[in-house]
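These numbers come from the heavy atoms of this one structure, side chains and all, not from hydrogens, waters or symmetry mates.
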Amino acid sequence: MTWDDLDARLDRRPGTVSAYLGRPDAPPTWTRNPDATHYAASTMKVAVLLALHRAAEAGTLDLDTPVPVVNDFTSARPDAPRFTCARPYDNDDAVWQRLGGRATPRWLADRMITRSGNLATNLIIELLGLPAVAEAWRLAGARHSVTGRGIEDAAAREAGITNLVTAADLAALLGGLAVGAHRPGPLASPAACTAMVDVLLDQRHRDDLAAGLPAGTRIAHKNGWVRGVRHSAGVVLPDDAPAYVIAVCTTTDPATAPDDLDACRLLAEVSATAWAARHDLTG
């Protein structure tokens, strides 16, 4: 399948499909609506991960010093009361089992990424503050992505404060971590970038981009989904070709959206097409 064929296939899908494909730290090989904004879902957790490691490197927190596990958070709307998460809405029960106890930020970050834990995410945002996450996006070169609030901050959501991503910005963030693992860069030290890539490699939700790759292929990625939304972005590390970064974001009307399985199949198809072209990507 050529890129024109793939674009034609995506043109027939309702809603907006955005994509970015290329080598890290190089111009893209193929893009589609790369700067269109989408509700972020859980993909914004990668920026939270970066902000956490930057804070650790700055000495403002210790990744291995336990912090209280609570369900009580500051709203991003200044005049709003504090808010809580709903346990049934979360993807990870392990953090809830520690409610009232303590956990290390390192462990919370692992649960945030590999299991897409929402309570873990809000605990880390509460530790850092949203400006630290905004700085992580800025350093990655993101132009349109915003982490404006924590998860389930209803008062902020009703006030129009939201979380947005683009395929290009997700690719810049994931690609920046991959490049930063090998040489000093603006995001964090090579050791910290390597640690973040290792967490992303351990992703347990593997039913979209990873599903389009041969079994055993390494991909450091993060996905996110809510009704009408399915995104995934990561760095693929083939054994027989240079690494490449891929990001795909899909948004459709929640009232008429195909089921999530259909969206996962679409992302897997894009991933398989990119894999087939892995030797020929420019950059």
So, the side chain of R149 versus the backbone of A156: is there a donor-acceptor pair under 3.5 Å, distance only? no
Under a 4.0 Å N-O cut-off, is there an ion pair linking E135 with R138? yes
Using a strict 4.0 Å threshold on nitrogen-to-oxygen distance, state whether D92 and R204 make a salt bridge. no
Are any non-hydrogen side-chain atoms of I125 and L127 less than 4.5 angstrom apart? no
Within the distance-only criterion (no hydrogens, no angle test), does the side chain of N91 pair as donor or acceptor with the backbone N or O of G117 below 3.5 angstrom? no
Without swapping roles, check the side chain of R32 against the backbone of A19 for a donor-acceptor pair under 3.5 Å. no
Is a side-chain donor or acceptor of D198 paired with a backbone partner of A195 at a separation under 3.5 angstrom? no
Would you find a donor on one side and an acceptor on the other, under 3.5 Å apart, between the side chain of H231 and the backbone of T250? yes
Does a side chain donor of either K45 or N118 reach within less than 3.5 Å of an acceptor in the other side chain? yes
Which heavy atom of P242 sits nearest to which heavy atom of P238, and what is that distance? O-CD, 3.7 Å
Check for a donor-acceptor pair, side chain of N71 on one end and backbone N or O of C85 on the other, with a separation under 3.5 Å. yes
For residues L108 and I124, report the shortest heavy-atom separation together with the two atoms involved. C-CD1, 3.9 Å
Could you walk me through whether D208 and S271 pass the side-chain contact (heavy atoms from CB on, under 4.5 Å) test, one step at a time? CA-CA 8 Å; D208 43 55; S271 183; over 6 Å; no
Residues R143 and T166: side-chain donor-acceptor under 3.5 angstrom: no
Under the 3.5 angstrom rule, does the side chain of N163 hit a backbone N or O of G148 as a donor-acceptor pair? yes
Looking at T252 and G15, what are the two nearest heavy atoms and their distance? CG2-CA, 3.9 Å
Is there a side-chain hydrogen bond (donor to acceptor under 3.5 Å, both in side chains) between R82 and S75 once you walk through the steps? CA-CA 5 Å; R82 297 176 71 81; S75 175; over 6 Å; no
Find out whether L52 and R106 are in side-chain contact, i.e. whether some heavy atom of one side chain is under 4.5 Å from a heavy atom of the other. no
Look at the side chain of Q203 and the backbone N and O of H221, then say whether any donor-acceptor pair between them is shorter than 3.5 Å. yes
Shortest non-hydrogen contact from F83 to I151? CE1-O, 3.2 Å
Only counting residues at least two apart or in another chain, list the ones meeting ring pair (Phe, Tyr, Trp, His ring centres under 6.0 Å) with Y39. none
Under a 3.5 Å cutoff, is there a donor and acceptor pairing between the side chains of W137 and T147? yes
Polar side-chain atom of T84 near backbone of D72 as donor-acceptor pair, under 3.5 Å: no
Please report the closest heavy-atom contact between L173 and L50, naming both atoms and the distance. CD1-CD2, 3.8 Å
Does a salt bridge link R227 with D253, judged by any charged N lying under 4.0 Å from a carboxylate O? no
May I ask you to decide whether R9 forms a salt bridge with D7, counting only side-chain N to carboxylate O separations under 4.0 Å? no
Return yes if a side-chain donor-acceptor contact under 3.5 Å exists between S18 and H38, otherwise no. yes
Exceeds 12 heavy-atom contacts within 6.0 angstrom, atom CG of D11: yes
With a distance cut-off below 6.0 Å to the six-membered ring centre and an angular limit of 45° from the axis, does R98 pair with W107 as a cation-pi contact? yes
Would you say L128 and L61 make side-chain contact, with heavy atoms under 4.5 Å? yes
Do E126 and N122 get their side chains close enough for a donor-acceptor pair, meaning under 3.5 Å? no
Chi angles and distances behind the side-chain contact (heavy atoms from CB on, under 4.5 Å) call for D260, R230: CA-CA 7 Å; D260 191 56; R230 169 59 76 156; 2.5 Å; yes
Which atom names give the shortest non-hydrogen contact between L130 and A76, and what distance separates them? CD1-CB, 3.9 Å
Would R278 and D240 pass as an ion pair if we require N to O under 4.0 Å? yes
Is L10 close to L266 at the side-chain level, that is, under 4.5 Å between some pair of heavy atoms? yes
Can you confirm whether M112 sits close enough to V48 that some side-chain heavy atom of one is under 4.5 Å from a side-chain heavy atom of the other? yes
